[in-house]
**Student:** 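Quick one: the structure is below, and I'll ask about it shortly.
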Amino acid sequence: MSEDEKAPESAPEVVTPAEDPAPDYGSEDVLEDVPPASPAPRVKARRSPWNRGRDRVLAAVIAVVVVAVALVVSVTSDSAATDRTEAEPPAPLPAAPGAVPGSLAEIWSASSGATPVPVVAGDAVATADGGEVAGRDPLTGLIRWHYTRDLPLCTMNETWGRLNAVYSKTSGCSEVTQLDPGTGRITAQRNGNAELGTRLVTDGSHVTATGKKLLTTWRDDLVQSAEYGQVPALVNAGKQPRTGCTYGTVAAASGKVGVIERCPGDPADRLTVYKAAPEKDDEPSVSFSSVLAGKRARVIAMSGELTAVVLPDQKLLVIFNGDGSQRAAYPLDVPPSDLAADPAGGVEATTQTPSNVYWFSGSKMLALSRDDLSPRWTLSSASGPGILFASQLVVPIKGGLAVLNENDGSTIRTVGVDRRGYAGAVRLGAAGPVLLEERGNTLTALK
């Protein structure tokens, strides 16, 4: 290759000085000429006072005391003194027969000293004795569930389809446990001020605990709705209409409570009717209060706005309207011994059917019309008030049962019952095909 054909030499490369790198904003040390600050002097940490040996011992003692107190509380608490079981809801009972059977025999019995009448709720029967409430199979008497405390039972009833068991603690009947009758599940509890010997009166919407000096009324969740009488731990004075009174018999109907009062200064007994649920529970709302014509009076029944009162000395049954005015008076043929003293707990032995109210005086049963409480007929030699069983009126009598016509009291037939020598008052109940008799402290099932 000739020199003319050689490739020309490359032009010298022009080198451009590199630009300064872009500053790294945010990282520039604008204080680089300021000498660093001297480190802060070290401060000696304060020694914890709990590092001393005696303090650690004290902390350990406090911990032991707290554990011991918690243990004592757990051991002595009400829950620790309660033994209970629950059950599945019971199977439906067979229906009652079409008419009262011609013969009835005992199928089981159990102690039930805290129930003045048989306690039946739906397909379940309950007994209450000592400290135990037991839900039983009506056909066998076997216990399905129980709720037992180390406290004595005062009384028990059924209202709102639930059981209200009242226990005695300290000086009164102060603790109430509400139970589902089918399962034994607790549905409500309350503390109250009911007296020893209390009974429970209900109008279907409220329950009133009776007493000689205090009446307490609750609604279905056991919240107190009314107090009447000598209120313990009184907060607002002057709310009660009278002081120093004692109480006789008590009845309830249609959201009202009727009570016989015996007050200082009154020439005779007083009938008072007040609301079961006033605006304020410690301020009674009295519908009326009237001094009666005699002493030893007894409220035997209420129906709607009417109240029936027995005046033993005058031998009269007197009916009062809702405003306290007298509606009617009827002669009363009852032995004086039947009315010599108030009944136990201040509650008369009565039952109700859609047609009548039945009152057991102690030796006779009077049928009173539900419409106006007028007397319709009387059964002598009764052992208690009647109930409907197998769509018929059944009344306990000596040696058995009488099946009666509700309209006139005529006897349809009698059924013999062997009560094994028991001759006292008998209270009846029914659960499906089972007829129940409360004989003193024993509940007996018949079928």
**Student:** How far apart are the closest heavy atoms of D221 and A188, and which atoms are they?
**Tutor:** O-CB, 3.9 Å
**Student:** Ignoring hydrogens and geometry beyond distance, is a side-chain donor-acceptor pair present between R370 and S355 at under 3.5 Å?
**Tutor:** no
**Student:** Under 3.5 Å, is there a donor-acceptor pair linking the side chains of T159 and N157?
**Tutor:** yes
**Student:** Are Y247 and L215 close enough that some pair of their side-chain heavy atoms sits under 4.5 Å apart?
**Tutor:** yes
**Student:** Would the distance check show the side chain of T249 and the main-chain N or O of V347 forming a donor-acceptor pair, the cut-off being under 3.5 Å?
**Tutor:** no
**Student:** Check the side chains of E406 and T353 for a donor-acceptor pair under 3.5 angstrom, ignoring hydrogens and angles.
**Tutor:** yes
**Student:** Any idea which heavy atoms bring W145 and D180 closest together, and the distance?
**Tutor:** CZ2-O, 3.8 Å
**Student:** Return yes if a side-chain donor-acceptor contact under 3.5 Å exists between T217 and T208, otherwise no.
**Tutor:** yes
**Student:** For the residue pair V310 and W359, establish whether any side-chain heavy-atom pair is separated by less than 4.5 Å.
**Tutor:** yes
**Student:** Not counting sequence neighbours, which residues clear side chain to side chain contact (heavy atoms under 4.5 Å, CB included) with N321? List them please.
**Tutor:** L306, D323, S325, R327
**Student:** What closest approach, in Å, do V133 and A165 show between heavy atoms, and which atom pair accounts for it?
**Tutor:** CG2-CB, 3.8 Å
**Student:** For T148, which residues count as a side-chain hydrogen bond (donor to acceptor under 3.5 Å, both in side chains) partner, sequence neighbours excluded?
**Tutor:** H146
**Student:** Is it the case that the side chains of T127 and D129 hold a donor-acceptor pair, with the cut-off being a distance below 3.5 Å and no angle test?
**Tutor:** no
**Student:** If only side-chain N and O atoms count, and only distance matters, is there a donor-acceptor pair under 3.5 Å linking T187 with Q178?
**Tutor:** yes
**Student:** Not counting sequence neighbours, which residues clear side chain to side chain contact (heavy atoms under 4.5 Å, CB included) with A344? List them please.
**Tutor:** R199
**Student:** For the atom pair CD (Q352) and CG (L388), what is the distance rounded to the nearest 0.5 Å?
**Tutor:** 11.5 Å
**Student:** May I have the step-by-step check of side-chain contact (heavy atoms from CB on, under 4.5 Å) for R84 and I186, ending in yes or no?
**Tutor:** CA-CA 10 Å; R84 54 189 292 258; I186 296 174; 3.7 Å; yes
**Student:** Please check this pair: side chain of T115 against backbone of A128, looking for a donor-acceptor N/O pair closer than 3.5 Å.
**Tutor:** no
**Student:** Is it true that a side-chain atom of T198 and a backbone atom of G211 form a donor plus acceptor pair closer than 3.5 Å?
**Tutor:** no
**Student:** Give me the ring orientation class for Y228 and Y274: parallel if the planes are under 30° apart, tilted from 30 to 60°, perpendicular past 60°.
**Tutor:** parallel
**Student:** Write down the atom of P396, the atom of L401, and the distance for their closest heavy-atom approach.
**Tutor:** CA-CD2, 3.9 Å
**Student:** Indicate yes or no: does D418 engage R420 in a salt bridge with an N to O separation below 4.0 Å.
**Tutor:** no
**Student:** Any heavy-atom pair between the side chains of K213 and E195 that's under 4.5 Å?
**Tutor:** yes
**Student:** So how far is it from E132 CD to S111 OG, rounded to the nearest 0.5 Å?
**Tutor:** 10.5 Å
**Student:** What verdict does the side-chain contact (heavy atoms from CB on, under 4.5 Å) test give for L428 and E438, after you've listed the backbone C-alpha separation in whole Å, the side-chain angles of each residue and the deciding distance to 0.1 Å?
**Tutor:** CA-CA 6 Å; L428 299 180; E438 187 87 32; over 6 Å; no
**Student:** Is the shortest heavy-atom distance from the side chain of V125 to the side chain of P118 under 4.5 Å?
**Tutor:** no
**Student:** Closest heavy-atom contact between A268 and K295?
**Tutor:** CA-CG, 4.0 Å
**Student:** Kindly compute the distance separating OG (S383) from CZ (R419), expressed to the nearest 0.5 Å.
**Tutor:** 6.0 Å
**Student:** Out of the candidates V120, V117, V119, only one should pair with L436 under the side chain to side chain contact (heavy atoms under 4.5 Å, CB included) rule; please name it.
**Tutor:** V120
**Student:** Any side-chain to backbone donor/acceptor pair from T183 onto A87? Under 3.5 Å, distance only.
**Tutor:** no
**Student:** Does any part of the side chain of V309, heavy atoms only, come nearer than 4.5 Å to the side chain of R298, both counted from C-beta?
**Tutor:** no
**Student:** If you look at every heavy atom in A253 and S303, which pair is closest and at what distance?
**Tutor:** CB-N, 4.1 Å
**Student:** Strictly distance-based, threshold 3.5 Å: is any side-chain N or O of R144 a donor or acceptor partner for the main-chain N or O of E88?
**Tutor:** yes
**Student:** Kindly say whether A297 contributes a backbone atom to a donor-acceptor pair with the side chain of D269 at under 3.5 angstrom?
**Tutor:** yes
**Student:** So, E106 and K447, do they make that salt bridge, N to O below 4.0 Å?
**Tutor:** no
**Student:** Measure the shortest side-chain to side-chain distance between L366 and L332 over non-hydrogen atoms and say whether it is less than 4.5 angstrom.
**Tutor:** yes
**Student:** Can you see whether Y167 has R149 sitting over its ring - NZ or CZ less than 6.0 Å from the centre and within 45° of the normal?
**Tutor:** yes
**Student:** Does any non-hydrogen side-chain atom of R296 lie less than 4.5 Å from one of D342?
**Tutor:** no
**Student:** Is a side-chain N or O of R190 found less than 3.5 angstrom from the main chain of L222, in a donor-acceptor match?
**Tutor:** yes
**Student:** Would you say the side chain of V273 lies within less than 4.5 Å of the side chain of T307, judging by non-hydrogen atoms?
**Tutor:** yes
**Student:** State plainly whether the residues R185 and E86 are in salt-bridge range, i.e. N to O under 4.0 Å.
**Tutor:** no
**Student:** Distance from N407 atom CG to L404 atom CG, nearest 0.5 Å?
**Tutor:** 11.5 Å
**Student:** Say you draw a straight line from CG of L271 to CZ of F320; how long is it, rounded to the nearest 0.5 Å?
**Tutor:** 6.0 Å
**Student:** Does any N or O in the side chain of S369 come within less than 3.5 Å of the main-chain N or O of L373, such that one atom is a donor and the other an acceptor?
**Tutor:** no
**Student:** Evaluate L393 against V403 for side-chain contact (heavy atoms from CB on, under 4.5 Å), listing each step before the verdict.
**Tutor:** CA-CA 6 Å; L393 178 66; V403 182; over 6 Å; no
**Student:** Can you establish whether the number of heavy atoms outside Q230 located under 6.0 Å from its atom CD is more than 12?
**Tutor:** no
**Student:** Before you tell me yes or no, could you show the steps for V434 and L446 under side-chain contact (heavy atoms from CB on, under 4.5 Å), namely the whole-Å CA-CA distance, both residues' side-chain angles and the distance that decides it to 0.1 Å?
**Tutor:** CA-CA 6 Å; V434 179; L446 307 173; over 6 Å; no
**Student:** Please round to the nearest 0.5 Å and tell me the distance separating atom CD1 of I300 and atom OG1 of T350.
**Tutor:** 8.5 Å
**Student:** Does NZ belonging to K364 count more than 12 external heavy atoms closer than 6.0 Å?
**Tutor:** yes
**Student:** Starting from the C-alpha separation in whole Å, work towards a yes-or-no answer on salt bridge (Lys or Arg N to Asp or Glu O under 4.0 Å) for K315 and D313.
**Tutor:** CA-CA 6 Å; K315 297 183 179 180; D313 294 341; over 6 Å; no
**Student:** Under 3.5 Å, is there a donor-acceptor pair between the D338 and S361 side chains?
**Tutor:** yes
**Student:** Is it the case that the side chains of T272 and S289 hold a donor-acceptor pair, with the cut-off being a distance below 3.5 Å and no angle test?
**Tutor:** yes
**Student:** Where the side chain of Q314 meets the backbone of A293, is there a donor-acceptor pair that is under 3.5 Å apart?
**Tutor:** yes
**Student:** I'd like to know if the side chain of E261 reaches the main chain of C245, judged simply by a donor and an acceptor atom lying under 3.5 Å from each other, with no hydrogens or angles considered.
**Tutor:** no
